[in-house]
Amino acid sequence: MADFIPYGRQSVTEADIAAVVDVLKSDFLTQGPVVPAFEDAVRSAVGARHAVAANSATSALHVACMALGVGPGDSVWTSPLTFVASSNAALYCGADVDFVDVDERSYNMCPVRLTDKLEAAAASGELPKVIIPVHLTGQSCDMAAIHAAASRYGVKIIEDASHAIGGRFGPDPVGSCRYSDIAVFSFHPVKIVTTGEGGMALTNDDELARLMRLDRSHGITRDAEMMHADDPGAWYYEQQRLGYNYRMTDINAALGFSQMGRLAEFIERRREIAQTYDAAFAAHPIQTPWQHPETASAWHLYVVRVAGRRAVFDALRDAGIGVNLHYIPVYLQPYYRDLGFEPGYCPNAERYYSEAISLPMFPSMTAEQQQRVIAEVTQAVAAAAAA
Ligand SMILES: *Cc1c(COP(=O)(O)O)cnc(C)c1O
């Protein structure tokens, strides 16, 4: 049988490995110079003022919510089509979560539904404190429209950009925070750039950056200028908030720093793979990803929609094609059902969920592998249509 083709995988070079080994031989495995260097590389690549690395995007989302003051009695809205971490971050803070249905073409949070829901919430005194739009598959949400709607009511924005480093909205790189308070990247190995595990929060706001830095390391500062005590001794540090140990290690940061040098190359290769899929599926009953004209996707995922999805999905897995599904609408998870959510809550997200398949997409995928995926997909779709 032919080799298994995963839906995503990391690209690690000898130079990446050497960069990690250098850290292992150095004085600092953590809290050394490589984390700030990696933060600076990402910050300057996306044009944001501050970058705060963390040990995962989940941690970064949590400290982002904390910095914006999310707590009990607050509400946070996100997209139903996301990984559970986007909404769990708000639950960690004791807030309530709610979901805004997606646009039926982009699969991202729908600005029109958001506007309507905000208007209703303003009328009933139940505005959210924060919304977390998610750039599904690497395509930016319509951030100008989302920002216009949220800022009318003073609602803050965290972009869950876990899929989208290297993407753009209009002329701006995702992560520039032109239309948000904070943006968060993930560096899990299936994402665009990896550190093994890791994440980063970007912001243009000095105070939000300060709070996120505190909260990723126990709420402790060693910066004399920020201390309550005057004339602190050299041993002295201060815990000012209840933070966590969410620090990234220098070992992880070295991999990320080395990978950042290939960001443009990664995105270019992903775009080529997407174009090849688009062309191959054009004459088949396969719905290829629609692209908002103002966006340039980072192409973390290539999602198609097909009739008879279950049969197509199973046939592809049987043929050694590592298809996947991003995502089960979050509120359909048992944990969220127990919070009171019911099937039917976000019809566009549920329709998407009944038809979507994520096809293999990663920079090192060979042309032969992609042709095999295309042949298996078109065959499985034809078989499902005939059944
Ligand atoms: C991967 C992912 C996360 C979580 O990222 P980690 O780095 O694994 O914590 C959050 N949101 C989305 C949309 C993701 O894809």
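If you read the sequence from its start, that first residue is 1, and numbering goes on from there. Indexing begins at 1, ligand by ligand and atom by atom, following the structure's order.
- With respect to atom 15 (O) of ligand 1, the closest heavy atom belonging to the protein is His163 NE2, 2.6 Å.
- Counting heavy atoms under 4.0 Å from ligand 1, residue Ala57 touches it through both backbone and side chain.
- Here His326 has no heavy atoms under 4.0 Å from ligand 1, in either its backbone or its side chain.
- Checked against the 6.0 Å centroid threshold, Tyr244 and His62 count as a close aromatic pair.
- Close contacts of ligand 1 with Thr82, meaning ligand atoms under 4.0 Å from a residue heavy atom, involve 13 (C).
- Contact check for His163 versus Trp299: no side-chain heavy atoms found under the 4.5 Å cut-off.
- Between Tyr336 and Phe99, the two ring planes are perpendicular [angle over 60°; tilted spans 30° to 60°].
- Distances from atom 14 (C) of ligand 1 to the heavy atoms of Lys191, His188, His135 show the closest one on Lys191.
- Aromatic ring centroids of Tyr7 and His326 lie under 6.0 Å apart.
- The distance from ligand 1 to the heavy atoms of Gly198 drops below 4.0 Å at these ligand atoms: 7 (O).
- Distances below 4.0 Å separate heavy atoms of Ser162 from the following atoms of ligand 1: 2 (C), 3 (C), 10 (C), 11 (N), 12 (C), 13 (C), 14 (C), 15 (O).
- Annotation: Phe257, atom CZ; neighbour count of heavy atoms from other residues, nucleotides and ligands within 6.0 Å does not exceed 12.
- In summary, the atoms of ligand 1 found under 4.0 Å from a heavy atom of Tyr327, numbered by their order in the structure, are 14 (C), 15 (O).
- With a 4.5 Å cut-off on side-chain heavy atoms, Phe38 and Asp250 do not count as touching.
- Nearest to atom 4 (C) of ligand 1 among the protein's heavy atoms is Thr58 OG1, 3.6 Å.
- The closest side-chain heavy-atom distance from Leu202 to Phe185 is below 4.5 Å.
- Checking only distances, Glu197 never comes within under 3.5 Å of ligand 1, N or O to N or O.
- Heavy-atom neighbours of Asp231 CG from other residues, nucleotides or ligands within 6.0 Å: at or below the threshold of 12.
- For atom 11 (N) of ligand 1, the closest non-hydrogen atom of the protein is Asp160 OD2, 2.7 Å.
- With ligand atoms numbered from 1 in the order given, ligand 1 contributes 1 (C), 5 (O), 6 (P), 7 (O) to contacts under 4.0 Å with heavy atoms of Ser186.
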